[in-house]
There are 2 protein chains.
Amino acid sequence: MVQKVRIKRTSGSLRREESLSREQIIETSIELLDGSGEGGLTFRTLSERLATGPGAIYWHIANKSDLLTAACDAIIARTMNAPLASLTPGATPQAIIRLLALAMFDAMDEHPWIGSALTRAPGQSPMVRIVERIGQQIRILGVPKKEHWVTVSALLNYILGVGGRNAANGQFARTQGLDRTDFLEAVSTAWSQLDPEEYPFARGLAAQLRSHDDRKDFLAGIDLILRGIGSPHRT
Amino acid sequence: MVQKVRIKRTSGSLRREESLSREQIIETSIELLDGSGEGGLTFRTLSERLATGPGAIYWHIANKSDLLTAACDAIIARTMNAPLASLTPGATPQAIIRLLALAMFDAMDEHPWIGSALTRAPGQSPMVRIVERIGQQIRILGVPKKEHWVTVSALLNYILGVGGRNAANGQFARTQGLDRTDFLEAVSTAWSQLDPEEYPFARGLAAQLRSHDDRKDFLAGIDLILRGIGSPHRT
DNA sequence: ACCTGAACACCGTTCAAGT
DNA sequence: ACCTGAACACCGTTCAAGT
């Protein structure tokens with residue numbers, strides 16, 4: 001859904017028909033970020049797309065950090081609301097957490113820049129949305145209140161960690177002009193050639209690395225943590 | 001340990017005595033990054049500190065990304081080797097993993113920039129070092145070979161996720177001119193004022209947030225995952 | 001109230017020219 | 001072989017001036 005900008009020709013120079021809106025700026029930013037990565041969002045390219053000057057943006061947005069947070073928040077809001085629609089009535093909290101986590105995984109896959117945007121906005125709106133949705137399920141699971149923060153934290157950190165690393169892989173691959181398969185191939189080959197004395201484990205991992213499925217492994221990690229939540233403490 | 005640069009005065013202009021070395025560039029970069037954050041490393045400030053011109057760096061280093069990865073690798077190499085010294089002989093794999101994880105936590109606390117540097121270098125040297133050390137313990141734990149990657153992955157992603165978020169908190173706080181306590185106070189207050197209808201869980205978390213201990217919670221998360229590794233699969 | 005667009009103070013990187 | 005430093009092509013952000 002590419003934003004369409006109405007343009008009116010007045011006295012020889014191009015001029016926007018309606019006034020710029022914050023929402024319009026954010027949507028166009030998302031398009032730019034999705035299309036050409038973190039480096040693709042520039043006040044100059046953005047204002048060009050919006051048929052205005054770079055200074056105009058600042059009337060609606062404080063600065064670039066604010067813009068990134070707002071764009072991120074828009075994505076997260078959609079992501080945290082979507083899975084609720086596809087819920088079967090009797091779903092367990094575990095199942096819902098898996099669904100939410102997967103939704104985050106897919107969102108971070110589709111919009112690789114939100115990872116670092118989330119990092120720029122700790123404790124702010126996007127983060128709160130995620131904490132809330134996961135937290136409600138933690139509560140239903142019967143985790144004692146004292147452990148709420150630790151538990152949500154663990155899941156959150158894992159999810160954001162994976163997202164960040166996946167985004168990194170994609171970005172790195174793109175810089176090298178590789179697709180995902182080529183990239184894994186390259187890393188796998190590099191690891192298989194490591195010194196067997198110094199890196200026996202990583203070396204042995206090369207084969208698994210080549211053919212693994214990010215999404216499946218992500219979910220396996222979620223399950224690992226969920227099992228941990230369900231296991232008795234060692235005291 | 002501030003690098004000392006020997007300078008010789010030749011024919012009126014300052015000139016370095018020994019030639020520039022890659023290692024020297026990296027050490028000075030680390031000092032700059034530690035001292036003034038990610039934005040503190042600039043080819044101009046760096047070359048100034050090294051008493052040379054910005055172009056000179058490029059004889060020893062490919063580009064900024066290469067520089068960041070090298071600086072990160074130096075830190076990670078130290079971090080992954082240090083804990084081995086303080087080991088009691090009969091330590092369990094779990095204990096060693098906890099030790100390694102804590103070492104990473106502390107390193108990321110001391111050098112908040114390594115999180116994003118690691119992100120820039122997936123599958124490269126710094127990452128391999130971490131995977132290797134943790135992986136060896138996973139093997140000793142008796143995790144089946146097929147699950148090696150998934151298991152290391154889960155731990156790694158969690159550790160990097162926490163590190164990233166902690167770095168973000170610190171950086172954000174610094175931008176706002178707050179210290180850690182003020183920052184937590186601010187977030188906690190903001191969360192306690194959230195709409196109780198929409199954000200009941202996050203709202204109730206505000207108090208826990210205010211007084212929590214990052215390092216302790218980090219370790220609790222590691223234990224959660226370790227418990228998960230030790231629990232039987234639901235099939 | 002909202003926009004324009006030149007200007008400012010930065011970046012990373014390159015490269016002819018020096019030693 | 002290694003370094004110099006001006007120059008290039010960018011950034012985010014500001015702000016007087018316009019409508």
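Throughout, protein chains are lettered first and strands after them, A, B, ... in sequence-line order, and every chain is numbered starting at 1.
Side-chain atoms of A:Asp217 and B:Ser153 include no donor-acceptor pair closer than 3.5 Å. A:Asn81 and A:Arg133 share a side-chain donor-acceptor pair at under 3.5 Å. Neither side chain, A:Gln124 nor A:Thr69, offers a donor N or O lying under 3.5 Å from an acceptor on the other.
Ring pair B:Trp191/A:Trp149 is perpendicular by interplanar angle, where above 60° counts as perpendicular and below 30° as parallel. Between A:Phe183 and A:Phe172, the two ring planes are perpendicular [angle over 60°; tilted spans 30° to 60°]. Ring pair B:Tyr58/B:Phe43 is parallel by interplanar angle, where below 30° counts as parallel and above 60° as perpendicular.
Rounded to an integer number of Å, the gap from CG of B:Leu46 to C1' of C:dT13 is 14 Å. Distance OH (A:Tyr58) to C1' (C:dA6): 15 Å, rounded to an integer number of Å. Between the CD1 atom of B:Ile57 and the C1' atom of C:dT14 there is a distance of 14 Å, given to the nearest Å. The distance from atom CD1 of A:Ile61 to atom P of D:dT14 is 14 Å, rounded to the nearest whole Å. If you take NZ of A:Lys64 and P of C:dC11, they are 16 Å apart, rounded to a whole angstrom. One interatomic measurement links the two molecules: CG of B:Leu50 to C1' of D:dG5, which rounds to 16 Å at whole-angstrom precision. Atom-to-atom, CG of A:Leu67 to P of D:dC11 comes out at 15 Å; the value is rounded to the nearest Å. As a whole-Å value, the separation of A:Glu38 CD from D:dG12 C1' is 15 Å.
In the set C:dC2, D:dC2, D:dT13, D:dT13 carries the atom at the smallest distance from any side-chain atom of A:Asn63.
Taking for each of A:Ala56 and A:Phe43 the nucleotide of DNA chain D with the nearest heavy atom, the 5'-most of the two is the partner of A:Phe43. Along DNA chain D, the nucleotide nearest to A:Gly55 and the one nearest to A:Gly39 differ in position, and the one closer to the 5' end is contacted by A:Gly39.
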- Item | Pairing string, 5' to 3', for DNA chain C - Watson-Crick or wobble contacts under 3.5 Å, brackets [ ] where pairs cross, | to another strand | ||.|||||...|||||.||
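Counting non-hydrogen atoms under 4.0 angstrom, A:Leu41 reaches the backbone sugars and phosphates but no base.
A sub-4.0 Å separation between OP1 or OP2 of C:dC3 and a side-chain N or O of A:Trp59 is absent.
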Going by atom type alone, with no hydrogens or angles, which donor-acceptor pairs under 3.5 Å involve a side-chain atom of residues 160-169 of chain A and a protein atom two or more places apart or on another chain?
{"residue": "A:Arg165", "atom": "NE", "partner": "B:Asn157", "partner atom": "OD1", "Å": "2.7"}

Taking N or O atoms only and anything under 3.5 Å, show me the protein contacts with nucleotides 7-10 of chain D, one pair per line.
none

- Query: Between B:Thr189 and B:Gln193, is a side-chain contact (heavy atoms from CB on, under 4.5 Å) present by the stated rule, with each step listed?
  - Reply: CA-CA 6 Å; B:Thr189 308; B:Gln193 287 162 359; 3.7 Å; yes
- Task: Verify salt bridge (charged side-chain N to carboxylate O under 4.0 Å, His left out) between A:Glu27 and A:Arg78, making sure each step is shown before the conclusion.
- Result: CA-CA 13 Å; A:Glu27 288 307 317; A:Arg78 290 169 211 165; 2.8 Å; yes
